[in-house]
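What follows is a set of notes on a single structure, which appears directly below.
Just so it is clear: chains get the letters A, B, ... in the order the sequence lines come, proteins before strands, and each one is counted from 1.
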2 protein chains.
Amino acid sequence: MTTTKRSRQREAILEVVQGTKCHPTADWVYSEVRKIIPNISLGTVYRNLSQLSEKGTIQKLHMGTASEHFDGNPNPHYHVCCTQCGKIDDIDAEPFEKFNAWAADMYDGEIFEHYTLFTGKCSQCKSIKF
Amino acid sequence: MTTTKRSRQREAILEVVQGTKCHPTADWVYSEVRKIIPNISLGTVYRNLSQLSEKGTIQKLHMGTASEHFDGNPNPHYHVCCTQCGKIDDIDAEPFEKFNAWAADMYDGEIFEHYTLFTGKCSQCKSIKF
DNA sequence: ATAATAATAGTAACAGTTATCAATATTAAA
DNA sequence: TTTAATATTGATAACTGTTACTATTATTAT
């Protein structure tokens, strides 16, 4: 098992991901990190985002879109995608375990976990009169 | 709004998707449809799978993998991905509406729907002794 | 200091998908 | 039935997000 060496790039990437609630894509992280390390390469961003999510420091989120999103909060929690503005909000709550039990009841195999994405309307969009 | 003309290609594609429970990718559909129409092009398969899922005849499933999967059953239902063999099983049940209510309770916006993928072990893998 | 090697920048390659376009097939109307 | 209009096709190029490659640089343990 290969040891890990620190790098200023990885630390900057982690800071960017942990410093936002926007659940960014690799490209967004790249453009932000370049403000700190202008000549960082996109490959480095991808490499470190993968490494960090494999280590469990951050999360990789599959939003059903072309590109992956990342979340600086490694704890399992749900997300709501606003159908109006596209914003991804957190729902900070423990996993809804009853759901697994409910599914297991209708499935002849075993159920381990569930990955859920909610759609909805965020509070800002909700309050816009039109 | 542009009208639709029948095509033997689209009908073959639909038959293939409706004729399997394996939740195939475009590539799998392509290789199957070629048994019926050997010179069909991959672009045609993609084009029709998109069109059919936009029309609501089939479903496009985001499995969090590189390629999209399709489901000949257009009715909303859940899926379980076996962590051992990768098979995607159906759970034929109505959406678990309580889940939306539960989420709405902790969210200051509105909740419309949820998309869930379960992980687990399918019945075949479950029965294998090792 | 030095040696070992993890990480980098830069770039090419890759996979899945979408776009382009001339030729073909389907449909509605004459 | 021809004809005209146009949706669809096969073939292929282009595009996007991501990963792989490689020589160079940075980090760490000795």
Q. How are the rings of Phe99(B) and His114(B) set relative to one another: parallel (under 30°), tilted (30 to 60°) or perpendicular (over 60°)?
A. perpendicular
The side chain of [X] lies closest to which of these nucleotides: [options]?
X	options	answer
Lys5(A)	dT26(C), dG10(C), dA4(C)	dA4(C)
Thr4(A)	dG17(D), dA7(C), dG10(D)	dA7(C)
Arg6(A)	dA11(D), dT28(D), dT17(C)	dT28(D)
Arg10(B)	dA6(C), dT8(D), dG10(C)	dT8(D)

Establish, with yes or no, whether the OP1 or OP2 oxygen of [N] is under 4.0 angstrom from a side-chain nitrogen or oxygen of [X].
X	N	result
Arg47(A)	dT19(D)	no
Thr2(A)	dA6(C)	yes
Ser7(A)	dA26(D)	no
Tyr46(B)	dT17(C)	yes
Thr44(A)	dA9(C)	yes
Gln9(B)	dA25(C)	no

Q. DNA chain C: Gly43(B) or Ser41(A), which has the more 5' nearest nucleotide?
A. Ser41(A)
(Q) Between Glu32(A) and Tyr30(A), do the side chains contain a donor N or O and an acceptor N or O under 3.5 Å apart? (A) no
Q.
Can you see whether His77(B) engages Asp90(B) through a side-chain donor-acceptor pair at a distance of less than 3.5 angstrom?
A. yes
(Q) Please report the distance, rounded to the nearest Å, between CG in Asn39(B) and C1' in dA23(C). (A) 13 Å
Q. Between Ile37(B) (CD1) and dT24(C) (C1'), how many Å, whole number?
A. 14 Å
Q: Measure the spacing between CH2 of Trp102(A) and OH of Tyr78(B) and express it to the nearest 0.5 Å.
A: 5.0 Å
Q.
Distance check, rounded to the nearest 0.5 Å: Lys60(A) atom NZ versus Ser50(A) atom OG?
A. 4.5 Å
Q: Check whether any side-chain N or O of Arg6(A) sits under 3.5 Å from a backbone N or O of Glu11(A) as a donor-acceptor pair, and report yes or no.
A: no
Q) Heavy-atom contacts under 4.0 Å between residues 48-63 of chain B and DNA chain C, which residues? A) Ser50(B)
Q. Are the aromatic ring centres of His79(B) and His23(B) under 6.0 angstrom apart?
A. yes
